[in-house]
Chemist: 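Just passing along the structure, written as structure tokens.
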Number of protein chains: 2
Amino acid sequence: MKNMNASSDRLKESKEEFIAQWGALGTQWGINRTMAQIHALLMISPQSMCTDEVMEELEISRGNAHTNLKELVAWGLVRMVVIKGDRRDYYEAEKDVWQIFRIIARERKRREIEPALALLSKCAEETKGLKGEDARAFHKQVSELQDFVGMASHLSDRVAAMKHSFALQIASKLLG
Amino acid sequence: MKNMNASSDRLKESKEEFIAQWGALGTQWGINRTMAQIHALLMISPQSMCTDEVMEELEISRGNAHTNLKELVAWGLVRMVVIKGDRRDYYEAEKDVWQIFRIIARERKRREIEPALALLSKCAEETKGLKGEDARAFHKQVSELQDFVGMASHLSDRVAAMKHSFALQIASKLLG
DNA sequence: CATATTTTTCATAATATACTGAAAATACAG
DNA sequence: CTGTATTTTCAGTATATTATGAAAAATATG
């Protein structure tokens, strides 16, 4: 039994570090700490969890837990599940790595790429015919950015639409 | 002359909107608003600019201008240039789109991918041999994430090392 | 070296973001 | 309907991030 305890301590510690650090990383990724922590917690939880369990595990308020659980559901990273005989809402995380990647890629494209593209298109359009060295230079720079970001946007769609196995093939080819 | 003025007004407006919006976008990208605005300003400026010009154009304080110019130089998105007969430091932006992409990709990899990979490797390592259903599940999930993020890291390096033309070829193939 | 100009630093202020706790709304069982 | 469990909202508070402005340090000039 001594072994058993040491071993389950190791697991517990590792899980806790994972959750804490994944939360800190979330900040860099533009998601807030709590949301990332909840995501980590659910990702490594064998069972689905209810709001109170999440609150207790992460020592956060009900409002905070609720808001971020809803946000995760809105992203599609977490699903609500019903456990019969229990009135509470339970939550479980999407665990498939490729699926997680696609969801995050979609969201980041929406927040980071699409608004940039809209801006660049507008500026390129507005200054299309203008004469003068300055105007030309501005239009050129903006157009180049537009082309690049536009291509990135398309690529992102294509990759996200791929099956995992096919994406792996391409990745291997690039790395090999 | 009427035309000339209308036309240069259009240009000025478009430039100002570009700067303002690019700044707002910066926030989404994890860089602060001012840094993104200065970058935008220098990117579309035909000449290099000194700190005072940047301050005046964006209506920001000296400290703010200074800090963010230094940060942009540290990233490699902006270079300091010397103008003879002038004691002040002048700055000009990198304008090549592919180069800009590489610099940003490098920085984001450093901030977003590498720490994640380190965490995942640590957690995978710590729980490698552990018995028990929970431990196995944790190890599996973490290892899958590790594999995926590791591959993303390599891919990022490979793409950033490519010549623009070659990257374009690959992109075309994927889009075609 | 004395002075003028420019750069850098940093304590304080302003702003933006996230969290709490409790009240309001809703769902359910008896 | 009434009481209880659960979810949702939100005003107030706390935390973290950015910006200011003035003073200090560094640098150039004659």
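Convention: sequence-line order gives letters A, B, ...; per-chain numbering from 1.
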Chemist: Would you mind writing out the side-chain donor-acceptor pairs for residues 60-67 of chain B within the sub-3.5 Å range, not counting sequence neighbours?
Modeler:
unit_1 : atom_1 : unit_2 : atom_2 : d
B:S61  : OG     : B:N64  : N      : 3.2
B:R62  : NH2    : B:D52  : OD2    : 3.0
B:N64  : OD1    : B:N68  : ND2    : 2.7
B:N64  : ND2    : B:T34  : OG1    : 3.4
B:T67  : OG1    : B:G63  : O      : 2.8

Chemist: Is any side-chain heavy atom of B:T51 closer than 4.5 Å to one of B:L69?
Modeler: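 With C-beta onward as the side chain, the pair touches.
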Chemist: Closer than 3.5 angstrom, by distance alone: can the side chain of B:S45 be matched with the main-chain N or O of B:L41 as a donor-acceptor pair?
Modeler: no
Chemist: Contact list please: residues 70-90 of chain A against DNA chain D, heavy atoms, distance less than 4.0 Å, in numerical order.
Modeler: A:K70, A:R87, A:R88, A:D89
Chemist: Counting C-beta onward and ignoring hydrogens, is there a side-chain heavy-atom pair between A:I170 and B:L174 closer than 4.5 Å?
Modeler: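 Heavy-atom side-chain distance check passes, below 4.5 Å.
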Chemist: So, is B:H66 close to the C:dT8 phosphate, meaning a side-chain N or O under 4.0 Å from OP1 or OP2?
Modeler: yes
Chemist: Show your working on salt bridge (charged side-chain N to carboxylate O under 4.0 Å, His left out) between A:E133 and A:R136 and close with a plain yes or no.
Modeler: CA-CA 5 Å; A:E133 207 179 329; A:R136 303 279 193 150; over 6 Å; no
Chemist: Same cluster or not: are A:V97 and A:F166 linked, directly or through other Ile, Leu, Val, Met, Phe, Trp or Tyr residues, by side-chain heavy atoms under 4.5 angstrom apart?
Modeler: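 As far as the 4.5 Å side-chain criterion goes, A:F166 and A:V97 are connected within one cluster.
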Chemist: Between C:dA22 atom P and A:M55 atom CE, what is the distance in whole Å?
Modeler: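 Rounded to the whole Å, the gap is 12 Å.
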Chemist: Knowing that exactly one of A:K15, A:E16, A:R10 qualifies, which makes a side-chain contact (heavy atoms from CB on, under 4.5 Å) with A:K12?
Modeler: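 Output: one option passes, namely A:E16.
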Chemist: Over all heavy atoms of both residues, which pair between B:V78 and B:Y91 is shortest? Give the atoms and the distance, please.
Modeler: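 Nearest pair, atom of B:V78 first, then B:Y91: CG1-CB, 3.8 Å.
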Chemist: Classify every nucleotide of nucleotides 16-22 of chain D by which part a protein heavy atom approaches to under 4.0 Å, writing B for the base, S for the sugar-phosphate alone and - for neither, in 5'-to-3' order.
Modeler: --SSBB-
